[in-house]
Amino acid sequence: MKRLFLLISFGGLLPWSKAIAAENPWWGHFGYRYVSGIDYTHSHDTHPDDRWLQNGNLPGSAGTTHVSEAHVVQFGLGRDFSLPQNFVAWSSLDLGVGVNMDKRQNANDPRPPATGAFVFSWPLWLADVGLGVGYNLGRVRVGAEARGGGLLILSGYDRYSSLDVQAAKWQWTYGLGPTVSVRVSDRIDLEGRALFGNVSSVTFSLAIHF
């Protein structure tokens, strides 16, 4: 039988197996991230096929869109590195898909929405890497993590349910903050983390060790 490393932690939490964690250092996770503090504004010219609209030949005539937050479905891959005295370090790569966009009808389009032209900005892709260190308290791990990467924001036209991308911009993201995870079985963790930097974010995810 594998030797268990026993530790009595706060609240009488059950011990977890250090041996199992060492044998399964790789993990994948899936979850949700809310990103706030984004400051992105795009001024839209009128689409060439809609230049007949009022002031359609003037720069910015279609209006502006703004992205201040992103709701991201996120997945990633990481690895733990055991350290002495129940400390642990880890690194991870996360990728995410944004599910929200700022879409509005052209400022110079008086037609009903069913036949009108729209402009949009969409925080589509989030990619970042992280390095962290933590301490295992029974089934609970507390720590801190630094992450850095980028958020890809697309802007363009939405005409008759067809997206026409006119601009793509990466916004750098970086931050540092606390993390906590709870081991619910030998290979499954529930995770939460907050990051504070040029943007802020909160992440909740499920991690599976393999």
Side-chain angles (χ1 to χ4, degrees), residues 29-78 92-131 145-179 191-205:
H29 66 176
F30 175 83
Y32 165 77
R33 185 191 294 195
Y34 171 69
V35 184
S36 61
I38 305 168
D39 187 13
Y40 175 85
T41 299
H42 188 82
S43 177
H44 299 263
D45 299 340
T46 298
H47 190 278
D49 292 342
D50 292 325
R51 291 288 169 84
W52 56 270
L53 293 172
Q54 183 179 5
N55 298 320
N57 61 332
L58 298 181
S61 54
T64 61
T65 52
H66 181 68
V67 175
S68 60
E69 61 183 15
H71 299 273
V72 179
V73 176
Q74 179 174 283
F75 52 93
L77 178 67
S92 66
L93 168 66
D94 287 350
L95 300 173
V97 179
V99 297
N100 65 294
M101 69 167 62
D102 182 21
K103 185 178 79 171
R104 58 191 67 194
Q105 189 166 347
N106 280 26
N108 61 343
D109 189 350
R111 293 176 294 178
T115 57
F118 290 75
V119 290
F120 75 91
S121 284
W122 182 7
L124 178 59
W125 291 108
L126 176 66
D128 64 4
V129 295
L131 295 172
E145 184 179 54
R147 303 197 67 84
L151 176 66
L152 178 64
I153 304 176
L154 305 181
S155 297
Y157 308 103
D158 183 354
R159 301 177 69 254
Y160 312 113
S161 300
S162 178
L163 298 184
D164 184 356
V165 176
Q166 297 295 308
K169 180 180 178 181
W170 280 97
Q171 176 167 327
W172 298 114
T173 63
Y174 52 86
L176 174 69
T179 69
E191 304 176 326
R193 71 171 181 243
L195 288 175
F196 305 95
N198 67 326
V199 297
S200 299
S201 68
V202 178
T203 303
F204 303 98
S205 58

Using only heavy-atom distances, determine whether the side chains of [X] and [Y] contain a donor-acceptor pair under 3.5 Å.
{"X": "Tyr34", "Y": "Glu69", "value": "yes"}
{"X": "Asn108", "Y": "Thr46", "value": "yes"}
{"X": "His44", "Y": "Ser155", "value": "no"}

Kindly give the heavy-atom pair with the smallest separation between [X] and [Y], and that separation in Å.
{"X": "Lys103", "Y": "Asp158", "value": "CD-OD2, 3.0 Å"}
{"X": "Ser121", "Y": "Pro123", "value": "O-CD, 4.0 Å"}
{"X": "Leu154", "Y": "Phe120", "value": "O-CE1, 3.8 Å"}

Aromatic centroids of Phe75 and His29 separated by under 6.0 Å
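No, the ring of His29 stays outside the 6.0 Å limit from the ring of Phe75, centre to centre.
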| said: Quick check on Trp172: does its CH2 atom have over 12 non-hydrogen neighbours (other residues, nucleotides or ligands) under 6.0 Å away? | reply: no
- In terms of the angle between their ring planes, are His42 and Tyr40 parallel, tilted or perpendicular, with boundaries placed at 30° and 60°? parallel
Under a 4.5 Å cut-off applied to non-hydrogen side-chain atoms, are [X] and [Y] in contact?
{"X": "Val119", "Y": "Asn106", "result": "yes"}
{"X": "Ser92", "Y": "Arg147", "result": "yes"}
{"X": "Thr173", "Y": "Val35", "result": "no"}

Exercise for review: Using a strict 4.0 Å threshold on nitrogen-to-oxygen distance, state whether Arg159 and Asp109 make a salt bridge.
Suggested key: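 Salt bridge absent between Arg159 and Asp109.
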Answer yes or no: is there a donor N or O on one side and an acceptor on the other, between the side chain of Tyr157 and the main chain of Asp45, under 3.5 Å?
yes
